[in-house]
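Here is how names work: the chains are called A, B, and so on, in the same order as the sequence lines, proteins then strands, and each is numbered from 1. What's counted below: heavy atoms across the whole structure, side chains too, no hydrogens, waters or symmetry copies.
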Amino acid sequence: MPELPEVETLVRDLRGLILGAEVARVQVSWAGAVAVPSARRFAAGLKGRRFLAVSRHGKFLQFDLSGSRCLLVHLRMSGHLAVLPPGAEPVLYTRVTFHLADGRRLAFSDPRKFGRLWLVDQPDLVLGKLGPDALADELTAEAFVRLIQAHRGAIKPLLLRQEVLAGLGNIYTDEALFRVGIHPLRRIDTLSAADLRRLYGAMREVLEQAIANRGTTLPDARFRDAWGNRGDNLGHLSVGRRKGQACPRCGAPLERTVVGGRGTYSCPACQRQAASNCD
DNA sequence: CTAGGTGCCTGATTGC
DNA sequence: TGCAATCAGGCACCTA
């Protein structure tokens, strides 16, 4: 499931591949993939545009196009983008194909059909609801502490809310909480500012390490970079998908629970529930 | 406000 | 063995 590091990996790859390229024609194979506008207007509106910039906001990819238009892509669960050389076999589950003027294709594939694309004049119409990006320079440790302390309830579900903090998903949230020994259900009001500063540091480390490793490709997942290669970060996960295996810090068997409806991996010894949750 | 549920989807996994 | 039921999961949306 692409989270911030996987999206960043794709952004960096695509930047090198398609900047300056012109869209000759767009083929929408599944109209549901286009959120805004209609599939027909989406295809027509992209024709003849050039890719001027590629960036990322949380898990959204942003492609700035000539003519002051903007293509936004969210991969959700199983979406992917790949640049195919002329004559390459089509990718399975391709939903939208951008035929480039130089003969290559940018293919958006998505078996689960959760991913969406937008063609807009103002990206803020879609991105404006997002909280600060988890790796943004402006998100200092102090800003992070204030951001978290503005909310109540359990820490993990809050970290997953994109309108609060953009970019974290299930895997890296679990990793960051493990690194600082905080239980996923720990109530925010029981965490000190020092706890939250440490969580901030762990979050940035986990994300930056995953980007350096070109993302995490889970055994049963499909994430690939723009070249079709798997990410190398799987072996660097401490708890993710390691139910029953030994905690890398204390050796206790790691457990899988459900928090906020999401599979959650943690160490029952290193990440104890706060006492205040039990009174 | 937060918590908890449902629907969207389909490949993989589980159950009988 | 084989088929059907269930699960996973990001996000929007709904209700309590």
Asks: With respect to the side chain of A:H74, which nucleotide from B:dG11, C:dC11, B:dT2 is positioned closest?
Replies: C:dC11

Asks: Is the ring of A:F114 stacked on the base of B:dC8, with centres less than 5.5 Å apart and planes under 30° off?
Replies: yes

Asks: If I take atom CG in residue A:L75 and atom C1' in nucleotide B:dC9, what distance separates them, rounded to the nearest angstrom?
Replies: 16 Å

Asks: Just checking, is any N or O donor in the side chain of A:D110 or A:S78 under 3.5 Å from an acceptor N or O on the other one?
Replies: yes

Asks: For the pair A:R198 (side chain) and A:A202 (backbone), establish whether a donor and an acceptor sit closer than 3.5 Å, ignoring hydrogens and angles.
Replies: no

Asks: According to a strict under-4.0 Å criterion, is A:Y93 in side-chain N/O contact with OP1 or OP2 of B:dC9?
Replies: no

Asks: Identify whether NZ of Lys or CZ of Arg in A:R15 sits under 6.0 Å from the centre of the six-membered ring of A:F51 and within 45° of that ring's axis.
Replies: no

Asks: To the nearest Å, give me how far apart CG (A:L160) and C1' (C:dG9) are.
Replies: 11 Å

Asks: Does OP1 or OP2 of C:dA8 have a side-chain N or O of A:R256 closer than 4.0 Å?
Replies: yes

Asks: Heavy atoms from C-beta onward define the side chain here; which of C:dA8, C:dC11, B:dC9 lies closest to that of A:K59?
Replies: C:dC11

Asks: Using atom CZ of A:R161 as one end and atom P of B:dG4 as the other, report the distance to the nearest whole Å.
Replies: 13 Å

Asks: In whole Å, what is the span from the NZ atom of A:K156 to the P atom of B:dA3?
Replies: 14 Å

Asks: How close or far is atom P of B:dG11 from atom CG of A:D110, stated in whole angstroms?
Replies: 11 Å

Asks: Answer yes when A:E175 and A:R179 have at least one side-chain N-carboxylate O distance shorter than 4.0 Å, and no when they do not.
Replies: no

Asks: C:dC11 P sits how many Å from A:N170 CG, rounded?
Replies: 11 Å

Asks: On the nucleotide C:dC11, are OP1 or OP2 found under 4.0 Å from the side-chain N or O atoms that A:K129 carries?
Replies: no

Asks: Using only side-chain N and O atoms of A:H151, determine if any of them is under 4.0 Å from OP1 or OP2 of B:dC1.
Replies: no

Asks: Using atom CG of A:L158 as one end and atom P of B:dA3 as the other, report the distance to the nearest whole Å.
Replies: 9 Å

Asks: Consider the side chain of A:R76, meaning its heavy atoms from C-beta on, and name the nucleotide among B:dT10, C:dA12, C:dG9 that approaches it most closely.
Replies: C:dA12

Asks: Do the side-chain N or O atoms of A:R152 get closer than 4.0 angstrom to the phosphate oxygens (OP1, OP2) of B:dA3?
Replies: no

Asks: Hey, does A:G263 reach any base, or is it just sugar-phosphate, or nothing, if we go heavy atoms under 4.0 Å?
Replies: sugar-phosphate

Asks: Is any side-chain N or O of A:K113 closer than 4.0 Å to OP1 or OP2 of B:dC8?
Replies: no

Asks: How many Å lie between CH2 on A:W30 and P on B:dC8, as a whole number?
Replies: 11 Å

Asks: Just checking, is any N or O donor in the side chain of A:Y172 or A:T216 under 3.5 Å from an acceptor N or O on the other one?
Replies: yes

Asks: Can you figure out which of B:dC9, B:dA3, B:dT2 approaches the side chain of A:A154 most closely?
Replies: B:dA3

